[in-house]
Amino acid sequence: MTDTNSPAARLAQRPYAQTLTGHKALVTGASSGIGRATALGLARAGADVVINYIGPAAGAEEVAQEITALGRRALTIAADVAQEDAVEQMFATALREFGTLHAVVSNAGLQRDSGFTEMTLEQWNTVMAVNLTGQFLTTRAAVREFKRRGPQEDITIALGKIVCMSSVHQVIPWGGHVNYAASKGGINMMMRSIAQEVAPLHIRVNAVAPGAIRTPINHDAWATPEAYQALLKLIPNGRIGEPDDIARAVAWLLSDDSDYVTGATLYVDGGMTLYPGFATGG
Ligand code: BGC
């Protein structure tokens, strides 16, 4: 984002409304990309934030420093979301340090791309384990905590709020990425089924489905001018998304402003799911 007067740059400068004051939030996969921007966005909206990460700690520590500089509390926790005991320990640490959680973003995800006949079982299993099982484990731990804690109406109208990070590929088939698209399709039905089950407890579960966002996961799709021009053919809005575009949508879904919204997927994709090819064809 080099043009400081671009729509994305102007949006990034806008302050967040203080809709998450008093909230304790947890974001998985928060050391880079969409997770990083979301952790920062929630802090800008007033929340204290647990930053989950895996691998080197440097990225997570940077996010923590930025959050602390905003005057909010930050806590970094290394955990592989695909491992049940690691997720349980992460929640135990978060609850010990923060007391409770009101908002959880199940974001951690990855790609292991391959043509279908070359795809290995390991590539399939890795993507399913992190993207789908990871969200199951994280969401389950979150719902358990909301039920244990009970209402805190001075902080949140709902008992608790969860956002699952999906993708436009929960509806757009994606050859060469069968494992990834299947995991995101799974997130859609998992999220809606959980939302249905816990709605009577006033726990809200929603998803954000990003399109092409400028992050490391899809670096090759935007890093060269040729790739970027090809990508724009898929985006009616005419620009790649920035991580902060997603963070703002997540902040709204976690706030009381969306109290009557549950089981919904909010597409934040610049129109990618509008079948742009049909604007001039069909
Ligand atoms: C993928 C990106 C891709 C985007 C749009 C995302 O879910 O992770 O690699 O650019 O969908 O196709």
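In listed order, ligands and their atoms are each counted from 1.
- Every heavy atom of Ala221 sits 4.0 Å or more from the atoms of ligand 1.
- The two residues Glu118 and Gln123 come nearest to each other via the heavy atoms O-OE1, 4.0 Å.
- Note on ring orientation: taking the six-membered ring where Trp is involved, the planes of Tyr180 and Trp174 are perpendicular (angle over 60°, cut-offs 30° and 60°).
- Nearest to atom 11 (O) of ligand 1 among the protein's heavy atoms is His169 CD2, 3.3 Å.
- Among Asn218, Asp220, Val168, the residue whose heavy atom lies nearest to atom 10 (O) of ligand 1 is Asn218.
- Applying the ring-ring contact (aromatic ring centres under 6.0 Å, His included) criterion to Phe91, with sequence neighbours excluded, gives no partner residue.
- Close contacts between ligand 1 and Ser167 involve ligand atoms 6 (C), 7 (O), 11 (O) [criterion: under 4.0 Å to a heavy atom].
- Residue contacts with ligand 1, taken as heavy atom pairs separated by less than 4.0 Å, involve Gln111 solely via side-chain atoms from C-beta onward.
- Protein heavy atom in closest approach to atom 6 (C) of ligand 1: Tyr180 OH, 3.5 Å.
- Side chain to side chain, Ser6 and Arg239 fail the donor-acceptor criterion of an N or O pair below 3.5 Å.
- For atom 3 (C) of ligand 1, the closest heavy atom belonging to the protein is Trp174 CH2, 3.7 Å.
- The side-chain tip of Arg248 points at the ring of Tyr16 from less than 6.0 angstrom away and within 45° of straight on.
- Residues meeting the ring-ring contact (aromatic ring centres under 6.0 Å, His included) test with Trp124, sequence neighbours left out: none.
- With hydrogens left out, the protein atom closest to atom 4 (C) of ligand 1 is Gly211 O, 3.5 Å, a heavy atom.
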